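One structure below.
Convention: sequence-line order gives letters A, B, ...; per-chain numbering from 1. Note that this is a predicted model, so its numbers are computed, not measured.
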Number of protein chains: 2
Amino acid sequence: MTERHDPDVLFKALADPSRRKLLDLLHAHDGRTLNDLCEHLDMTRQGVTQHLDLLEAANLVATVRRGREKLHFLNPVPLQEIYERWIAKFEKPRLKALGDLKRRLEKTNV
Amino acid sequence: MTERHDPDVLFKALADPSRRKLLDLLHAHDGRTLNDLCEHLDMTRQGVTQHLDLLEAANLVATVRRGREKLHFLNPVPLQEIYERWIAKFEKPRLKALGDLKRRLEKTNV
DNA sequence: TTGACATGCAAGACGTTACTTGCATATTAT
DNA sequence: ATAATATGCAAGTAACGTCTTGCATGTCAA
């Protein structure tokens with residue numbers, strides 16, 4: 001059900017501040033068009049497109065075409081995967097116990 | 001008390017698979033020397049040094065000199081900062097509630 | 001149909017990154 | 001003191017990433 005993603009693509013996608021800003025913009029308001037997003041970044045439309053392509057490849061952004069415009073949606077799932085597989089495991093023991101609790105609660109579908 | 005770090009330096013440090021492997025190695029066994037770490041990576045010692053320099057700049061690795069050798073230690077704090085400032089905020093509402101719980105518990109010093 | 005709008009594709013410029021090679025310095029052991 | 005060990009510094013190279021410019025395609029409105 002849940003696909004496996006290349007962690008490298010994901011970390012690389014997050015490595016650029018412009019891409020993180022795009023994620024922020026989509027977090028603040030989902031379903032934006034390309035032109036909408038462009039208005040907030042100081043670069044050409046093509047530059048923004050290339051960043052969005054990387055975010056889409058990392059499965060952080062999904063798109064839908066509506067007529068002549070393209071709508072962009074944020075997918076936070078890969079970020080949680082990073083947390084589960086990368087951050088939780090490095091947590092100090094005290095915090096780790098709490099992370100385990102969180103995960104246990106999560107599985108019970110609270 | 002807690003210093004403020006440049007998120008870009010941190011994300012860039014995590015963007016390279018060799019550097020993530022170094023973090024893994026230090027997670028498995030702390031206090032390794034440079035030569036020790038080199039034995040696990042397929043590159044020259046200088047290449048490893050440069051990666052470690054970046055990790056140190058991102059405050060993910062701390063070092064101590066002991067005689068002619070340099071010991072490397074993992075610092076997981078910046079990873080938790082990434083979680084707090086970057087991942088938690090993108091979580092879906094259902095998970096967000098649990099994250100808040102976790103953080104609340106954490107503050108009470110369980 | 002015509003023009004305006006929204007986006008796609010592709011090649012090039014340019015700085016950055018990851019890695020190397022070669023030499024230098026500092027510490028330990030004999 | 002000498003040699004082996006552990007690391008540091010610096011310059012060079014090849015590949016990659018970011019951004020641009022120029023043109024093409026598809027959609028909507030009058």
Side-chain angles (χ1 to χ4, degrees), chain A residues 5-26 29-75 78 82, chain B residues 5-26 29-74 78:
Chain A
H5 301 112
D6 183 359
D8 206 40
V9 173
L10 193 46
F11 278 106
K12 288 238 165 82
L14 291 171
D16 185 275
S18 296
R19 287 194 286 274
R20 292 198 301 278
K21 181 163 188 179
L22 284 169
L23 293 180
D24 267 334
L25 288 168
L26 291 177
H29 173 21
D30 227 13
R32 295 181 192 255
T33 67
L34 173 57
N35 262 341
D36 180 349
L37 292 168
C38 285
E39 283 169 14
H40 300 270
L41 287 249
D42 192 22
M43 66 179 68
T44 63
R45 173 178 54 84
Q46 285 81 350
V48 176
T49 296
Q50 286 163 11
H51 283 306
L52 287 169
D53 286 345
L54 285 189
L55 290 173
E56 200 167 354
N59 200 32
L60 284 164
V61 164
T63 61
V64 173
R65 267 215 101 100
R66 186 182 61 186
R68 62 183 161 183
E69 49 193 12
K70 192 176 189 179
L71 306 181
H72 298 76
F73 296 89
L74 177 66
N75 176 26
I82 279 196
Chain B
H5 301 113
D6 184 358
D8 207 39
V9 174
L10 191 48
F11 278 107
K12 287 237 164 81
L14 292 171
D16 186 273
S18 297
R19 286 195 286 273
R20 292 198 301 276
K21 181 165 188 176
L22 285 169
L23 293 179
D24 267 334
L25 288 167
L26 291 177
H29 173 22
D30 226 13
R32 295 181 192 255
T33 66
L34 174 58
N35 262 340
D36 180 348
L37 291 168
C38 285
E39 283 168 14
H40 300 269
L41 287 247
D42 191 24
M43 67 180 67
T44 64
R45 173 178 55 83
Q46 286 79 354
V48 176
T49 296
Q50 286 163 12
H51 282 306
L52 287 169
D53 286 345
L54 283 189
L55 290 172
E56 200 167 355
N59 200 33
L60 284 164
V61 164
T63 62
V64 173
R65 266 215 103 99
R66 186 182 61 186
R68 61 180 162 185
E69 50 194 8
K70 191 177 189 179
L71 306 181
H72 297 76
F73 297 89
L74 177 66

Could you state the CG-P distance from L71(B) to dT5(D), rounded to the nearest angstrom? 19 Å
dG8(C) OP1/OP2 closer than 4.0 Å to side-chain N/O of K70(A): yes
Atom CG of L52(A) and atom C1' of dA6(C) are separated, to the nearest Å, by 14 Å
Along DNA chain D (nearest heavy atom to each residue), the more 5'-positioned of R66(A) and T44(A): T44(A)
Tell me: CZ of R68(B) to P of dA3(D), nearest whole Å? 16 Å
Taking OP1 and OP2 of dA26(C), is either one under 4.0 Å from a side-chain nitrogen or oxygen of R65(B)? no
Per K12(A) side chain, nearest of listed nucleotides dC9(D), dA6(C), dG17(D): dG17(D)
Within the pair N35(B) and dT5(D), is there a side-chain N or O less than 4.0 Å away from OP1 or OP2? no
Of all the choices, dG8(C), dC19(D), dC5(C), which nucleotide is nearest to the side chain of R45(A) once you look at every atom? dG8(C)
Between the CG atom in L14(B) and the CG atom in L60(B), the distance rounded to the nearest 0.5 Å is 5.5 Å
Minimum-distance nucleotide (side-chain atoms of L54(B) versus dT7(C), dA4(D), dA18(C)): dA18(C)
Under 4.0 Å from OP1 or OP2 of dA18(C): is there any side-chain N or O of R19(B) that close? yes
Consider the side chain of Q46(A), meaning its heavy atoms from C-beta on, and name the nucleotide among dT20(D), dT27(D), dC9(D) that approaches it most closely. dT20(D)
Are the side chains of L25(A) and L41(A) in contact, using a 4.5 Å heavy-atom criterion? yes
How far does CZ of R32(A) sit from CG of L37(A), to the nearest 0.5 angstrom? 6.0 Å
Any chance you could measure D16(B), atom CG, to L22(B), atom CG, to the nearest 0.5 Å? 8.5 Å
Any donor-acceptor N/O pair under 3.5 Å between dT20(D) base and Q50(A) side chain: yes
Rounded to whole Å, the CG-P distance (D8(B) to dG17(D)) equals 15 Å
Report yes or no: does K12(A) contribute a side-chain atom to a donor-acceptor pair with the main-chain N or O of L54(A) at less than 3.5 Å? no
d(CD, E69(A); P, dA29(D)) in whole Å: 10 Å
Under 4.0 Å: is that the gap between some side-chain N or O of H51(A) and OP1 or OP2 of dC19(D)? yes
Rounded distance (nearest 0.5 Å) linking atom OG1 of T63(A) with atom CG of D53(A): 9.0 Å
Rounded to the nearest Å, what distance is computed from the CG atom of residue D16(B) to the P atom of nucleotide dT16(C)? 18 Å
Rounding to an integer number of Å, can you tell me how far K21(A) NZ sits from dC19(D) P? 12 Å
Does G67(A) reach a base, just sugar-phosphate, or nothing at all? Heavy atoms under 4.0 Å. sugar-phosphate
Nearest-angstrom distance from the residue atom CZ of R20(A) to P of dG17(D): 16 Å
Nearest to the side chain of L34(B), which nucleotide is it out of dT7(D), dT7(C), dA6(C)? dT7(D)
